[in-house]
Student: 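Here it is, the structure in full.
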Amino acid sequence: MQLISLLERMEYSHKQGSLEKDITGVIYDSRKVIPNSIFVCIKGANTDGHHYIKSVIEKEVTALIVEEPVENVPETVTVIQVKNSRLALACLSAAWFGYPAEKLKTIGITGTKGKTTTTYMIKSILESFGWKTGLIGTIEIIMGEEHIKADHSTPESYIVQESFAKMVESGCQCVVMEASSQGLMQNRVSGFTFDYGIFTNLEPDHIGPNEHKDMEDYIHCKGLLFQQCRHGIVNIDDSHLEQVLKDHTCDIETFGFSKKADLYANNVQLVHRPGFLGVAYEVQGLMNFPVEIDIPGKFSVYNSLTAIAICRHFGASEEKIREVLDHIKVKGRVELVNVSKHYTMLIDYAHNAMSLKSLLTALKEYKPKRLVCLFGCGGNRAKSRRFEMGEISSRLADLTVITSDNPRNESPEAIISDILEGVKRADGDYVTIPDRKEAIRYCMMHALPGDMIVLAGKGQEDYQEIKGKKYHMDERELIQEILKESAKELPLL
């Protein structure tokens, strides 16, 4: 592809070299440079692509995208200077893959909670009535029949555009994706305009070194989606909505519990029966029908309302929406594990104070005999998260079982000690069992009729990260192993 064609939709300053060159690839990792490719110098948290200019020239790169002036570059190498190389990468990637987003209906979801569950709800409803739909999110990227594990909620812009292209090739007509605040901040979803942008909710999160400098920046980045979409669908109940929509350029439609919303939930009821833990409510406003969802909590109402609000624009029938939501399951998101008819066991990804509080508060509304919360905290992360999660579990759960999560390069015992500091700020009962399998076994061995046991923090993850290596560990498998090993000793099966 000609370099001049790659540059057609971006602002740049041509510093040296010819623009009439054939390009063999768009590269942003110096280790992957191939001859006659274009290298984009990205400034990251831990490295700067500008430092690798000499090495990529030695690998016969033919063009450079830079943010700052460079010296001693051979005249045969074209140099293009831009204000923002991440934005440039997004534009180049879109051009490289033939602007695939323009061949899809694109749906982006931003917010602190609910993005993952809502993407799967939307995908399931759309596909139930014929819209083949791709997905990009925290758990995986789905491109037709191809499923790839995800490393980030929102991958780098080149991966986004490459995924779009594969979706188009596989016959997808739509894509629904998580647009994280960092993804928006770092232009990972630039280079195209979303058809629909969705805002779920907002609470303090991802604030700190290498993330967002403060709450104002976090809100601002969430709001960027509504300067990059044609139609916005937003949660009217969220107290930050006005700030999020500041400078928006799209049409706006609302959902929520407020009767001022275009689409709202009424007469919400908790539903708990053997094998089912969920909510039922009536959709009113732009659509009117009853819904029952096999996922517990008020947040499930918001997630499903979001999905209904977007799928309405695609002509989804009430019947199809009800049918899909009645059977929807999302791995690691308040995932019910059938272990015993006497107590309830759930797996959830709640891995920070806010999500753990939301989860435990929602489960308490079902009035379990006891609410048992098993969790750990990741190593090489803010210690404040450990104190906060420990205190929240101690206040809301009847029993806290403290164990290991992803210790990374820290000692599991040191992390547990920090969690205990938070636990002791409240008055809940607790035990500490560093080995996660043994901690789960303890919960099952000491379960009482009517208990609700939640394994928090790992969710969809099937590994444990220890000293730079990932070891396979899936809680679903651990539970099955315990059932086989200890069936005779387990009190309630």
Side-chain angles (χ1 to χ4, degrees), residues 113-114 117 268-280 292-303 328-376 389-403 405 419 423 426-433 436-460 475-476 478-480 482-483 486 490-493:
K113 298 179 296 191
T117 300
V268 177
Q269 298 178 340
L270 305 180
V271 183
H272 189 190
R273 54 182 182 264
F276 189 98
L277 188 67
V279 291
E292 187 172 83
I293 314 159
D294 191 7
I295 304 176
K298 183 179 179 181
F299 48 80
S300 295
V301 178
Y302 277 119
N303 294 342
I328 195 77
K329 299 284 185 183
V330 181
K331 187 175 183 180
R333 297 308 193 274
V334 206
E335 178 186 347
L336 191 64
V337 183
N338 290 319
V339 174
S340 168
K341 61 183 178 181
H342 301 289
Y343 64 88
T344 303
M345 179 169 275
L346 302 153
I347 294 175
D348 192 81
Y349 189 51
H351 60 289
N352 58 35
M354 176 192 56
S355 56
L356 188 65
K357 181 180 179 181
S358 176
L359 173 66
L360 297 181
T361 300
L363 295 179
K364 281 179 75 72
E365 292 180 346
Y366 290 84
K367 297 181 168 45
K369 174 76 174 180
R370 292 186 309 167
L371 180 56
V372 179
C373 178
L374 176 150
F375 79 97
M389 289 181 71
E391 183 174 356
I392 284 167
S393 183
S394 188
R395 288 190 190 284
L396 295 177
D398 298 290
L399 173 64
T400 297
V401 180
I402 310 163
T403 187
D405 192 286
I419 296 171
V423 167
D427 56 1
D429 291 336
Y430 67 89
V431 295
T432 62
I433 305 173
R436 199 168 184 102
K437 180 178 178 179
E438 293 309 311
I440 295 171
R441 191 193 307 272
Y442 177 90
C443 292
M444 296 169 69
M445 291 293 295
H446 294 84
L448 299 176
D451 277 0
M452 195 172 284
I453 300 169
V454 58
L455 313 181
K458 298 299 291 178
Q460 77 282 354
E475 290 183 320
R476 296 150 201 80
L478 296 183
I479 291 168
Q480 292 306 311
I482 293 166
L483 287 171
S486 306
L490 291 169
L492 299 174
L493 284 180

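The analysis underlying the following values was restricted to heavy atoms, covering all of them including side chains, and did not include hydrogens, waters or symmetry mates.
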Student: Does Glu335 come within less than 4.0 Å of Arg476, counting only side-chain N to carboxylate O?
Tutor: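 Yes, charged N to carboxylate O under 4.0 Å.
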Student: Would you say Asp294's side chain and Phe276's backbone share a donor-acceptor pair under 3.5 angstrom?
Tutor: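 No.
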Student: Give a yes or no on this: more than 12 heavy atoms of other residues, nucleotides or ligands lie within 6.0 Å of atom NZ of Lys357.
Tutor: no
Student: Can you tell me if Asp451 uses its side chain to pair, donor with acceptor, with the backbone of Lys369 under 3.5 Å?
Tutor: no
Student: Check whether more than 12 heavy atoms from other residues, nucleotides or ligands sit under 6.0 Å from atom NZ of Lys364, and answer yes or no.
Tutor: yes
Student: Under 3.5 Å, side chain of Tyr366 to main-chain N/O of Gly278, donor-acceptor pair present?
Tutor: yes
Student: Show the numbers, then the answer: is there a side chain to side chain contact (heavy atoms under 4.5 Å, CB included) between His272 and Leu270?
Tutor: CA-CA 7 Å; His272 189 190; Leu270 305 180; over 6 Å; no
Student: Return yes if some donor-acceptor pair links the side-chain N/O of Ser358 with the main-chain N/O of Met354 below 3.5 Å, else return no.
Tutor: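 It does not hold such a pair.
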Student: Other residues, nucleotides and ligands only: do more than 12 of their heavy atoms fall within 6.0 Å of NZ on Lys367?
Tutor: no
Student: Check the pair Ile479 / Met444 against side chain to side chain contact (heavy atoms under 4.5 Å, CB included), numbers first and verdict last.
Tutor: CA-CA 9 Å; Ile479 291 168; Met444 296 169 69; 4.2 Å; yes
Student: Once you round to the nearest 0.5 Å, how far does CD1 of Ile482 lie from NZ of Lys437?
Tutor: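 Reported to 0.5 Å precision, the distance equals 6.0 Å.
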Student: Start with the C-alpha distance between Met389 and Phe375, add both sets of side-chain angles, then the distance that settles side chain to side chain contact (heavy atoms under 4.5 Å, CB included), and finish with yes or no.
Tutor: CA-CA 9 Å; Met389 289 181 71; Phe375 79 97; 3.7 Å; yes
Student: Could you please spell out the steps behind the side chain to side chain contact (heavy atoms under 4.5 Å, CB included) verdict for Leu277 and Leu346?
Tutor: CA-CA 10 Å; Leu277 188 67; Leu346 302 153; 4.0 Å; yes
Student: Taking the side chain from Thr403 and the backbone from Gly376, do they hold a donor-acceptor pair closer than 3.5 Å?
Tutor: no
Student: Pick one: which of Val372, Leu448, Ile453 meets side-chain contact (heavy atoms from CB on, under 4.5 Å) with Tyr343?
Tutor: Ile453
Student: Is Thr344 reaching over with its side chain to a backbone N or O of Met452, donor-acceptor style, under 3.5 angstrom?
Tutor: no
Student: Could you point out which residue of Leu374, Thr400, Val401 forms a side-chain contact (heavy atoms from CB on, under 4.5 Å) with Val431?
Tutor: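 It is Val401; the other options fail the test.
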